[in-house]
Amino acid sequence: MHPVSISSAHISKNHTGDIPKPVVPDGAVCLFAAYCPTGDLPPYTQFYLKNLILCGFTLHIIVSGAPIITEQTRNFCTQYGIHLWCRENGGLDFGAWQYLINQDVTQNAPLVLLANDSVFGPFSPLPSLLQKLQIHNAPAWGLVASRAITSHIQSWFIGFAGDVWQSPSVQRVFRQPFADMSREEIIWHGELGLSIALKSLGIPLHTLWSDVESPVARLFPANPMHVFWRQMLVTGKVPFLKQELLRDNPYHIRHLDEWERLISTQNGFNPNWIKSYLSQTSARNRVHSSWKGRALYNALSTIDRYRF
């Protein structure tokens, strides 16, 4: 499968409304991985991409698993100046990012962001989130840091200053054969490996939300985007919802049907996009939880529901 060549286009006010001042340095690059077998980017992904553009990123999206890219998607990318690539599916997001890295699209970038389409959102303006993160003062950063398995920044949104990105420790992660790995191996060697590389460089895990120092998380580590999804939305610290949580609910967390009344629509996100996705997408059941895991996740989620 060959890359799709899409030329850059100027983003006018007619495309996105009033354009705020970019919050990332000129030349900052976002590598966005999307699994889209139909070749047609859904509206919630397009919405996320527009928010990334508003931050000032040069955006490269790689669509995996699509035999063709629809005209609508091509036109969207042309309109917003997005560089569109496609490839055969393999290696999950790390395989997709690796493909783009091998095209030398991050050379000389002062900042690199890795993101993917595994979430719904943002439910509040993304430029404001990056300002809160103070990304200019951090060598690496993300939205969520978790103690699950080992302390790490969740890789669905993780950024690096240019010198950190080009460091041998980080680049070594992307020289691994992700296409030959299972999902579990990619999590260990890719997602966790990135944060281990950062820690080897003496770089802290800088995020807007973290349970790394939490005594409870030390005893009962869990995926915060599953157990604390309500807190993320109510506080606005992490205005995203994981698709896996709503689609699969692998830990059988109760009261997930309350998501709609908790998300903010002030940023322009349409809840009907989520409803449409859930009605058309079958559960994947990639995570097989034990009764102990389900009990733990429900206990933590129930406590969070009473708090928020």
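- The backbone N or O of Asn223 sits nowhere less than 3.5 Å from a side-chain atom of Ser146 that would complete a donor-acceptor pair.
- Summarising the geometry of Asn298 relative to Arg254, their closest heavy-atom pair is OD1-N, 3.2 Å, with the distance given to 0.1 Å.
- Judged by distance alone, the side chain of Gln46 and the main-chain N or O of Leu41 form a donor-acceptor pair under 3.5 Å.
- Residues satisfying the ring pair (Phe, Tyr, Trp, His ring centres under 6.0 Å) test with Trp188, not counting sequence neighbours, are none.
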Q: Show the numbers, then the answer: is there a side chain to side chain contact (heavy atoms under 4.5 Å, CB included) between Glu191 and Ile158?
A: CA-CA 10 Å; Glu191 181 170 41; Ile158 181 170; over 6 Å; no

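- Here CD1 of Ile153 is found 9.0 Å from CG of Leu194. Values are rounded to the nearest 0.5 Å.
- Considering only residues two or more places apart in sequence or on other chains, Tyr44 meets the ring pair (Phe, Tyr, Trp, His ring centres under 6.0 Å) condition with Phe120, Tyr277.
- Under a hydrophobic clustering in which Ile, Leu, Val, Met, Phe, Trp and Tyr are joined whenever their side-chain heavy atoms come within less than 4.5 Å, directly or via other members, Ile303 and Met232 fall into different clusters.
- Taking the side chain as every heavy atom from C-beta outward, Leu126 and Tyr48 approach each other to under 4.5 Å.
- Using a 4.5 Å heavy-atom threshold, the side chains of Tyr99 and Phe178 count as separate.
- Interatomic distance, Ile62 CD1 to Gln103 CD, rounded to the nearest 0.5 Å: 7.5 Å.
- One finds the CG atom of Leu31 at 8.0 Å from the CG atom of Leu113 (value rounded to the nearest 0.5 Å).
- Panel note: side chain Asn89, backbone Ser64; no donor-acceptor pair is recorded below 3.5 Å.
- Checked by atom type and distance alone, the side chain of Ser195 never pairs as donor or acceptor with a backbone atom of Leu192 at under 3.5 Å.
- Smallest separation of non-hydrogen atoms from Ile203 and Pro139: CG2-CG, 3.6 Å.
- A donor-acceptor pair under 3.5 Å links the side-chain atoms of His206 to the main chain of Leu133, judged by distance alone.
- Contact annotation: the side chain of Gln154 approaches that of Pro224 to within less than 4.5 Å [non-hydrogen atoms, C-beta and beyond].
- Scanning for salt bridge (charged side-chain N to carboxylate O under 4.0 Å, His left out) contacts around Arg294 gives an empty result, with sequence neighbours left out.
- Grouping the Ile, Leu, Val, Met, Phe, Trp and Tyr side chains by contacts below 4.5 angstrom, directly or via other members, places Tyr251 apart from Trp291.
- Among the candidates Phe228, Trp229, Phe157, the single residue satisfying the ring-ring contact (aromatic ring centres under 6.0 Å, His included) test with Trp209 is Phe228.
- Side-chain atoms of Thr58 do not come within 3.5 Å of backbone N or O of Val29 as any donor-acceptor pair.
- Judged as a salt bridge (Lys or Arg N to Asp or Glu O under 4.0 Å), not a single pair has a partner in residues 91-120 (not counting sequence neighbours).
- Contacts of Lys199 classified as salt bridge (charged side-chain N to carboxylate O under 4.0 Å, His left out), with partners at least two apart in sequence or in another chain: none.
- Screening Trp259, Phe123, Phe240 against Phe269 for a ring-ring contact (aromatic ring centres under 6.0 Å, His included) leaves a single residue, Phe123.
- The side-chain hydrogen bond (donor to acceptor under 3.5 Å, both in side chains) contacts involving residues 123-137 comprise nothing, where partners must be two or more places apart or lie in separate chains.
- Sorted by first and then second residue, the salt bridge (Lys or Arg N to Asp or Glu O under 4.0 Å) pairs with a member in residues 217-238 read Glu213-Arg218, Arg230-Glu258; sequence neighbours excluded.
- When side chains are defined from C-beta on, Leu49 counts as touching Phe76, because their heavy atoms get closer than 4.5 Å.
- Panel note: side chain Asp304, backbone Gln231; a donor-acceptor pair is recorded below 3.5 Å.
- A donor-acceptor contact shorter than 3.5 Å is absent between the side chain of Trp165 and the backbone of Ala140.
- Side-chain contact between Leu130 and Val24 is present, with at least one heavy-atom pair separated by less than 4.5 Å.
- The side-chain hydrogen bond (donor to acceptor under 3.5 Å, both in side chains) test applied to His60 returns Trp85, not counting sequence neighbours.
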**Q.** Working for side chain to side chain contact (heavy atoms under 4.5 Å, CB included), residues Thr106 and Gln166
**A.** CA-CA 9 Å; Thr106 62; Gln166 295 295 346; 4.3 Å; yes

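- Taking CG from Asn102 and CZ from Arg175, the interatomic distance works out to 10.5 Å, rounded to the nearest 0.5 Å.
- For the pair Thr207 and Val144, the minimum side-chain heavy-atom distance is 4.5 Å or more.
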Q) Should Leu92 and Tyr35 be marked as a side chain to side chain contact (heavy atoms under 4.5 Å, CB included) after you check the CA-CA gap, both sets of side-chain angles, and the distance that decides it? A) CA-CA 8 Å; Leu92 302 179; Tyr35 175 68; over 6 Å; no

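- Residues passing the side-chain hydrogen bond (donor to acceptor under 3.5 Å, both in side chains) test with Gln176: none are found, sequence neighbours excluded.
- With a 4.5 Å cut-off on side-chain heavy atoms, Pro43 and Asn270 do not count as touching.
- Nearest heavy atoms, Thr38 versus Thr70: O-CG2, 3.8 Å.
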Q) Does the pair Leu278 and Arg247 meet the rule for a side chain to side chain contact (heavy atoms under 4.5 Å, CB included), with working shown? A) CA-CA 6 Å; Leu278 295 176; Arg247 182 191 64 233; 4.2 Å; yes

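- Proximity of a side-chain donor or acceptor of Ser182 to a complementary backbone N or O of Glu185 within less than 3.5 Å is detected.
- Residue pairs meeting the salt bridge (Lys or Arg N to Asp or Glu O under 4.0 Å) criterion with at least one member in residues 145-172: none, sequence neighbours excluded.
- Taken from CG in Asn249 to CG in Leu256, the straight-line distance is 4.5 Å, to the nearest 0.5 Å.
- Annotation: the span from Asn116 atom CG to Phe32 atom CZ amounts to 6.5 Å, rounded to 0.5 Å.
- Remark: Asp26 CG is loosely packed, at most 12 non-hydrogen atoms of other residues, nucleotides or ligands lying under 6.0 Å away.
- A search for side-chain hydrogen bond (donor to acceptor under 3.5 Å, both in side chains) contacts involving His226 returns Glu244, not counting sequence neighbours.
- Looking only at distances, a side-chain donor or acceptor of Ser289 sits under 3.5 Å from a matching main-chain atom of Pro250.
- Nearest heavy-atom pair, Gly121 versus Phe47, reported as atom, atom and distance to 0.1 Å: O-CD2, 3.9 Å.
- With a 4.5 Å cut-off on side-chain heavy atoms, Trp156 and Lys242 count as touching.
- The nearest pair of heavy atoms linking Asp211 to Ala222 is OD2-O, 4.1 Å.
- Closest approach of Leu201 and Ser169 over heavy atoms only: CD2-OG, 3.8 Å.
- Applying the side-chain hydrogen bond (donor to acceptor under 3.5 Å, both in side chains) criterion to Asn267, with sequence neighbours excluded, gives Asn51.
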